[in-house]
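Below is one structure, written out as structure tokens, with a few remarks after it.
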Amino acid sequence: MYLALLVIFLQCSEICTQERVFTFNAVHIKVQPSVKVKNGAPMSIICHADISKSTDFNLQHNITVFKDEKLVFMSVSGKGDARYEVPMARSSHTGDYRCVVEANGKKRYSDSLHVWVTGMTKPILIAEKKEVFEGEVVKLRCELPEEVPPLHFIFRKMKMNSKPKEKLTYELQRNFSVIEFPIEEGDNILQFDCLGKRNVKFEFETSEPSNRTLITVKEPFIKPTLRIKPSSNITEGKEIQFECSTVVAKMRDIEIMLLRNKTILSSVRDQTTLKYSAVATLEDSGEYLCKVEEGKASKIATRNVVVTELFPKPVLTASMNKLDENKELTLSCSIKDFQNASFSILRRNSNGGILLRNSRNFTTRAKVNDTGLYICKAEVNRIVKESKPVMIQVYAPVSMPNISVFSGLPEVVLGKPLKLTCCLKMGTPPITFTFYKGNKAKKEIVTNNTCAVFLDEDIKQNDKGQYKCGARNHHSSGMKTSKILNITVIVPIRNISLGSVPYGEVEDGGETAFLCSVKEGSWPILFRIFRKTDRDVLLFERSEHADRVMWQKKEMSRQDTGTYYCIASNRANVSAKSHPITINVILASWQKGVITAFVLIPIAGVVILAVWWFWCKKKNAKGPSMEMSRSALATNSTSEKLSRQHDGDYYSGSGYIEDGENHMKSTDENKAPVQKGTETVYSEIRKANNDSVENRHSRIQGHPDAT
């Protein structure tokens, strides 16, 4: 029975569970009264879930409202609706709203809805002081209650008949801002207010102005007064007096200054009056400024002064501005239409000037050291005026110039520039130097030195190399010319070659002649011959006034087999290397004969032994019948041989001497071609030497070094 009831209960539960099925169709969000809400008005955010159910059953909903992804409201309800009530909307409620509905593990989001609360709260402005002195500052605090940063603040300073002055600030984390406004001269009754701004969806919204705050400004001192005696128009030489005064509310670090054209003439501190006097000069004309300062406050008064000229500036004249040394120089000082003045003539230096004479005129015999600036001064009624400076240049004549090569040696490598210097022992700058190549002027240089440098980049092989230079200055003696400098043009080594006689192969013990020659290059030439090994070996070295050199190696050996080359160089400091040649040292004829003899004699002995062995074998095969006859025959043969032995010894010896003679003759005959070959080598050497001598004479006659 119980089992039956349990089964029935489980079946009913399963049926109920199968019937409680639901799904979210949509989740909606809206705002009342609209998406734009006026600041201070009530606002409602409504979230509604559209749900489909299999049967009508009670479903609990968790509804959450987010603003800018931050939780602002939560509700648990059996209904599909929820309301987020805001009784008084502020600008801080502006943002993007979204709601989320969750039930039985299912969750659905609404679309995002932007709500804009228009208008901002009115800012509140507070001033630290109500009364301030000129030069002080006013500290202001502007606050936007119930507003959320970031916020912009605008502070405004207003006074009568003037355009308001504004200051802007930006606050990232505060809803208030504090600034300071300086109080300037002329400020008396001021009003201040402020405004707030915020950025909503890339648009700025501005609040209404704050309350206005009234600030009273007090003067720490009155505007100063500047008096001039006898007047602002005065003649040179008379005394002029200035008086600058003010009235202060409280003596506290007051400073009074008198300035002319921004230059401070006099100043006093903690006094109300400044006095200043001077003898008037033409330079005293201009604007005078009396300035009073206390802290950051300052006030000024200005006056213009005109000083009439008593007499014009003197004029200094010279008999000559450029003259030779030991010539007479006269300086004269004068004032147009004015005679009653005291004159003095001076020479300027770093300390001001050296007095030459208290007179209108000055005459002297000029020296080079007298070169410099001269002035004259005139004085009337304590007024001293100075003339414009006059430049006097005294010249010493130039000495005979000396021309030389910058590197020292009077030579130049073909293809490289030639650097020349022209120097003088004496002569007053500026000096004009002229360089000549042959009789043609190449370049003119003006310098303040006694030396000049010339660079000739057009060097040719057939240049005669005659250079000179001239120098002149403003002295009447004119130009002086140096001696002629002869330059040797060094031709670098070109087209070097190496040959040998015999060429390619030479017998062991034979002679070899090496010939190293160049087609172009100035003498003397340093020739060097090398044999290539792991480290190249220098075999021969000689300096020649010729374009070739011959080197003879008397006895060649097998170790001399190898590759040879030569290097030539001259004063151009550029070495030229020939192509290599290969020499192979082979066996001499007599060495070949010895080797042949040593090879053939063993072969002949082997052949004789083979024949003898064959003959003996054949003899043993004939039998004992012939043994007696062979024995008798052998006895006769032996006797005959013994009887002829004595005669054979004489002729054999005589034949050896003859062979020896024939051998010596044969040897001499064999040596004849060798001697002929040696004579051929020597003839080549003699020919090369003769050619070398002839070429040496021809190149000496036609070579640039012949000079």
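C451 does not pair with C422 as a disulfide, the SG atoms being 2.5 Å or more apart.
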Verdict with supporting geometry, R548 and L515, side-chain contact (heavy atoms from CB on, under 4.5 Å): CA-CA 7 Å; R548 64 189 63 191; L515 178 66; 4.2 Å; yes
Please walk me through it: do R472 and E444 pass salt bridge (charged side-chain N to carboxylate O under 4.0 Å, His left out)? CA-CA 11 Å; R472 59 182 169 84; E444 191 173 88; 3.5 Å; yes
Please walk me through it: do T281 and V307 pass side-chain contact (heavy atoms from CB on, under 4.5 Å)? CA-CA 7 Å; T281 63; V307 179; 5.8 Å; no
How far apart are the C-alpha atoms of Q241 and R227, what are their side-chain angles, what is the distance that settles it, and do they pass the side-chain contact (heavy atoms from CB on, under 4.5 Å) test? CA-CA 8 Å; Q241 296 179 352; R227 298 183 181 87; over 6 Å; no
Dump the intermediate steps for side-chain contact (heavy atoms from CB on, under 4.5 Å) on L356 and L346, then the final yes or no. CA-CA 5 Å; L356 301 177; L346 303 91; 5.7 Å; no
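Between V574 and I493, the closest side-chain pair of non-hydrogen atoms is not below 4.5 Å. A heavy-atom distance below 4.5 Å is found between the side chains of L538 and R528. Taking the side chain as every heavy atom from C-beta outward, P430 and Y395 approach each other to under 4.5 Å. The side-chain heavy atoms of E328 and R365, taken from C-beta on, include a pair separated by under 4.5 Å. At a threshold of 4.5 Å between non-hydrogen side-chain atoms, the residues N321 and V390 count as touching. Counting heavy atoms from C-beta outward, C290 and L274 have side chains that stay 4.5 Å or more apart. Residues L539 and W551 form a side-chain contact, since some pair of their non-hydrogen atoms from C-beta on lies under 4.5 Å apart. Residues V413 and P492 form a side-chain contact, since some pair of their non-hydrogen atoms from C-beta on lies under 4.5 Å apart.
A distance-only check finds no donor-acceptor pair linking the side chain of T364 to the backbone of A366 [under 3.5 Å]. Put simply, the side chain of T421 never gets that close to the backbone of F406: no donor and acceptor are under 3.5 Å apart. Counting only distance, with no hydrogens or angles, the side chain of S482 and the backbone of C469 share a donor-acceptor pair below 3.5 Å. Side chain of T371 to main chain of V394: a donor-acceptor pair is present (N/O by atom type, distance under 3.5 Å, no hydrogens or angles). The main-chain N or O of V491 is found under 3.5 Å from a side-chain atom of S522 such that the two form a donor-acceptor pair. The backbone N or O of K425 sits less than 3.5 Å from a side-chain atom of S399, completing a donor-acceptor pair. Distance alone, capped at 3.5 Å, places no donor-acceptor pair between the N304 side chain and the S232 backbone. No donor-acceptor pair under 3.5 Å is formed between the side chain of E411 and the backbone N or O of T488. Side-chain atoms of R558 come within 3.5 Å of backbone N or O of V585 as a donor-acceptor pair. Side-chain atoms of D456 never come within 3.5 Å of backbone atoms of L418 as a donor-acceptor pair (strictly under, hydrogens ignored).
Between F454 and Y467, the ring planes are tilted. Angles from 30° to 60° get that label.
Side-chain atoms of S476 and D324 form a donor-acceptor pair, as typed in the model, at a separation below 3.5 Å. When only modelled atom types and interatomic distance are considered, T235 and T308 share no side-chain donor-acceptor pair under 3.5 Å. No side-chain donor from either of S497 and S578 sits under 3.5 Å from a side-chain acceptor of the other. No hydrogens or angles considered: nothing links the side chains of S517 and D547 as a donor-acceptor pair under 3.5 Å.
Between R269 and E255 there is a salt bridge, since a side-chain N of the basic residue sits under 4.0 Å from a carboxylate O of the acidic one. A salt bridge is defined here as a Lys NZ or Arg NE, NH1 or NH2 lying under 4.0 Å from an Asp or Glu carboxylate O, and K377 with E379 fails to meet this definition.
Among S334, C333, S344, the one residue that satisfies the side chain to side chain contact (heavy atoms under 4.5 Å, CB included) test with P314 is C333.
Here the OG-CD1 distance, from S332 to I345, works out to 6.5 Å after rounding to the nearest 0.5 Å. Rounded to the nearest 0.5 angstrom, Y276 OH and L258 CG are separated by 7.5 Å. Interatomic distance, OG of S387 versus CZ of F343, reported as 10.5 Å (0.5 Å rounding). Rounded to the nearest 0.5 Å, atoms CD1 (I335) and NZ (K313) are 12.0 Å apart. Annotation: the span from T561 atom OG1 to I583 atom CD1 amounts to 9.0 Å, rounded to 0.5 Å. Here the NZ-CE distance, from K291 to M257, works out to 5.5 Å after rounding to the nearest 0.5 Å.
Closest approach of P389 and L373 over heavy atoms only: CB-CD2, 4.1 Å. Listed here is the closest heavy atom pair of G478 and V398: O-CG2, 4.2 Å. Across all non-hydrogen atoms, the minimal contact from P410 to V405 is CA-CG2, 3.8 Å. Scanning both residues, D370 and R347, for their nearest heavy atoms gives CA-NH1, 3.9 Å. Here the closest non-hydrogen pair linking C244 and L226 is CB-CD1, 4.3 Å. When all heavy atoms of A378 and F311 are compared, the closest pair comes out as O-CZ, 3.9 Å.
Atom CZ of R382 is surrounded by 12 or fewer heavy atoms from other residues, nucleotides or ligands within 6.0 Å. The local environment of CD in E283 is crowded, with over 12 non-hydrogen atoms from other residues, nucleotides or ligands closer than 6.0 Å. The number of heavy atoms from other shown groups lying within 6.0 Å of CG (N349) is above 12.
Stacking of K468 on the aromatic ring of Y436 is recorded, both the 6.0 Å distance cut-off and the 45° axial limit being met.
Residues F514 and Y564 place their aromatic rings such that the two centres sit under 6.0 Å apart.
Considering only residues two or more places apart in sequence or on other chains, Y288 meets the ring pair (Phe, Tyr, Trp, His ring centres under 6.0 Å) condition with F242.
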